[in-house]
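See below for the structure under consideration.
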Amino acid sequence: MLRILSLSRASLNSRPHKLSPPFPILSSSHSTLKQQSQGTEENQSRDPSDPPRLFVVQPRLRPATFLQAKLNEALCLANSLEEQRDGYFDSDFFDKELPPHVIVQNPSLKSSKIRADTYFGPGTVENIKCHLNALESKDEVDAVFVNIILSGVQQRNLERIWGKPVLDRVGLIIEIFNAHAHTKEAKLQAELAALMYKKSRLVRVRGLDGRNAFGVSGEVEVVSARGRGSGGRGFISGAGETELQLQRRRILERRNHLLSQIEEVRRTRAVQRAARKKRGGVDGRGLPTVAVVGYTNAGKSTLISALSDSDLYSDARLFATLDARLKSVVLPSGRKVLLSDTVGFISDLPVQLVEAFHSTLEKVLEANLLVHVIDCTAPNRDEHRSTVLQVLQQIGVSEEKLQNMIEVWNKIDYEEEMGADEYMDDAEYVEFSDCSGAEDGETKDSPEEDCEVELELLDGKSVDGSDALKPSLGELGDTKQGDDSDGWLLSGDDSADDYWYTRNEQQQAETSNECKVEKDSEAQPGHVPDVKVSAVTGVGLQQLLELIDEKLKVQDEQQLKSENNVGNSFINRKWRPPRREDQVWIQTAEAQAHATVFLAKFFGRAGLMSFISAVPHSQRPALFQSLLFEACGRTVNPVNGAVGLLWTGNWHVCQEAVETVLRGGSPRAMPDLMAPTPASEATCTDMWKLREETSANLNSRSKVSVSVSPKRKRVEEFKKLQPSDLDLCLTASFTGKRAADDRRPGTPSMNSEDSVTTACFEFAFTDQQGADKKLLNLFL
Ligand SMILES: Nc1nc2c(ncn2[C@@H]2O[C@H](COP(=O)(O)OP(=O)(O)OP(=O)(O)O)[C@@H](O)[C@H]2O)c(=O)[nH]1
Ligand SMILES: [Mg+2]
């Protein structure tokens, strides 16, 4: 920003000026009067070669560095109000001359002094008029830009007094959006924002015939017939629609029309995207998106262009980008991501713009990762940072995403380049102040009270004859705050020596500011940049890509972990069948083979096949796992099975049994788990009742050898059991013969050699000693 000013300052020349171009979007009623009288029409498009010339009014701020940063921003905003011709601006931004400007007393510093009618006190208003008169003779100013937010009444009154259109900060930003919008969607959104801004400041103005009127064209007040039958107080007919209601209705109708058009544009784009995809084009969906956000002019577009080796539009004018653009980039790991360019933010970003550009800003919400670009040369980068965070919170970005955001300091080449010449020297300040366009004699025209204050200050300096008593800008603010005079004006002439910091003071302030940033950085680790880059020279870009890569990888891992955690927290939630991803625990073909053989023996080959074939292919892995858990649960706890183990808090027993099976072992029944318990100590008496009722049958149907111990433990005792204490055999195969006698004729048993052979044959699985263990078709 400083560079822009210094470059602009160097090119400060007089230039021929033409007639004032209109403000097609936000012209107030008053300002339009003049245009009407000049025969110009509302909504006439601007001539790109003759952008509006603004006179900038900057209220004083403290500290001085902050004031300077705000003034720089105001001047850049004023110079950014320009339209393109055939996609290009007529002039280079750095070739533009600085707009005339003035720093005035800030009534908000004296909280009780803000005037409801004109914001500034009469002295300040008068002095600004004097400046305007002086510039008027040279036909140098089309409008006045006051770098604060004014109410509708204040704007109208100031326009009336100054005889010029007045734009406040919100109005100018909306005008710039309108001037820079290229695409249909951006144009519609900008117009929508302007419309909502207008709606909030419908004020009465005196029309051409002297009557009070509403509306941009200053037409006389009319009462619409609309509402006569429905509204109003009369019995026969309503009171009709007032002029204010009429204007509001017109705005709302237009708003609805714009919203439907925006929706139409989005729908068309979606259809085109689908058609491209159908034709085999690259859709980009499914790739992770990284949204690059930041203050306007931080270098977002330049950075994306550098990273993706593309050529996004970038310009030193503020709000060069109004459309979200996507560029693909390959990360060091080989992973492809999409970088999303976004609209830049600014302090006091009009809420109307946030609402109107909501669909564009949604890209930020949808992104997997945010990269926050900060212009490290901005003296108020802390303010930039907090502004961006504020807007992100305003549009609904989650706290988690903000914590994970990568902070990038851009333009480090400029920082290095500045080196010792970091701040402007005295001469530059003088020159800078001179460009306010104020004339020597102007202070004499100011009201008496203002002249007195200025004289006091100037006298103080001349009497001493030195700079020793020269107050700093911050101190001056205090001095002025202390006096009761309102609205005295700082012109460029007298501010040259008195009101700007000297270089030393400036450097001290900057140094202390830097230190503060460093301290802040230490206190708040989030403020330390993650990486410093230069989008122009390419320094740090590789590091940034690696960081994005790393963050996305960590995100993926966390996501996977959280999914697994959800899967593992079975005690805390309803049990669900395992999902496909959960199948990773069956790592090898061998483990699958063991599980399949075990299940085939347990349920019988035909039974297992009928279970499996009853569900669609997609659900077979989940069913297989459910069956395995149930079979193992039934084996160790024949009475109540897996559900009983889960119910009594012995799920780990079931898991251990499953692992035993996967390793090729055979779990055995746990007699302790079948032990009855006193009703008072049992966790589920019904279940035990069930056991007693059915134990005889179930025991006889059990397909595993059960060694019933006469000794019965209490529930508390077996709850303490660790998996290592469990009596789980790790035998290579089932060799027991006892169970073979117990099984139903014709039912395959896990102890049956036939069964094993049959199962192996049916599933195309070679024997356990064979070299090739094939994956069973159950998982297809
Ligand atoms: N010296 C220097 N200038 C840079 C660097 N990056 C960007 N710029 C300049 O900064 C200005 C703004 O760059 P943009 O990329 O348009 O900034 P932006 O953040 O996209 O701005 P908006 O789209 O208006 O929000 C341009 O004049 C760039 O040339 C950098 O690393 N070093
Ligand atoms: Mg940009």
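Both counts, for ligands and for their atoms, begin at 1 and track the order of listing. Only a predicted model underlies this, so the values are computations on that prediction, with no experimental measurement involved. Count residues from 1 along the sequence.
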How would you list, by chain and number, every residue that makes a side-chain contact (heavy atoms from CB on, under 4.5 Å) with Thr296, sequence neighbours excluded?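 Listed in chain order: Leu318, Phe319, Ile346.
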Is there a polar contact, in the sense of an N or O pair closer than 3.5 Å, between [X] and ligand 1?
X: Asn410; value: yes
X: Thr296; value: yes
X: Ser301; value: yes
X: Val343; value: no

With the Mg ion (ligand 2) as the centre, enumerate protein N/O/S atoms below 2.8 Å in chain and residue order.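 You should have found Ser301 OG, Thr321 OG1.
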Which bit of Asn297 is near ligand 1, meaning a heavy atom under 4.0 Å away: side chain, backbone, both or neither?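 The answer is both.
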Just to be sure I read this right, does ligand 1 sit under 4.0 Å from the backbone of Asp315, its side chain, both, or neither, counting only heavy atoms?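 The answer is the backbone.
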Sequence neighbours excluded, which residues qualify as salt bridge (Lys or Arg N to Asp or Glu O under 4.0 Å) partners of Arg255?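 Counting only residues at least two positions away or on another chain, Arg255 forms no salt bridge (Lys or Arg N to Asp or Glu O under 4.0 Å).
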For ligand 1, which atoms sit closer than 4.0 Å to a heavy atom of [X]?
X: Phe319; answer: 24 (O)
X: Gly344; answer: 25 (O)
X: Ser314; answer: 14 (P), 15 (O), 16 (O)
X: Asp413; answer: 1 (N), 2 (C), 30 (C), 31 (O), 32 (N)
X: Ala535; answer: 6 (N), 30 (C), 31 (O)

Residue pair Tyr197 / Glu175, side-chain donor-acceptor N/O under 3.5 Å: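 No pair is found: no donor N or O on one side chain lies under 3.5 Å from an acceptor on the other.
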Kindly determine whether Ser347 and Arg169 satisfy side-chain hydrogen bond (donor to acceptor under 3.5 Å, both in side chains), including the steps that lead there. CA-CA 10 Å; Ser347 55; Arg169 191 173 165 85; 3.0 Å; yes
Just jot down the side chain to side chain donor-acceptor pair (under 3.5 Å) partners of Ser340, sequence neighbours excluded, or say none.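 Expected list: none.
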Ligand 1 contact by Ala298, heavy-atom criterion under 4.0 angstrom: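 Right, Ala298 reaches ligand 1.
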Let me see the working for Val408 and Ile374 under side chain to side chain contact (heavy atoms under 4.5 Å, CB included), right down to the final yes or no. CA-CA 6 Å; Val408 179; Ile374 295 181; over 6 Å; no
Please state which option from Asp92, Thr302, Val539 has its nearest heavy atom closest to atom 29 (O) of ligand 1.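 It is Thr302 whose heavy atom sits nearest to atom 29 (O) of ligand 1.
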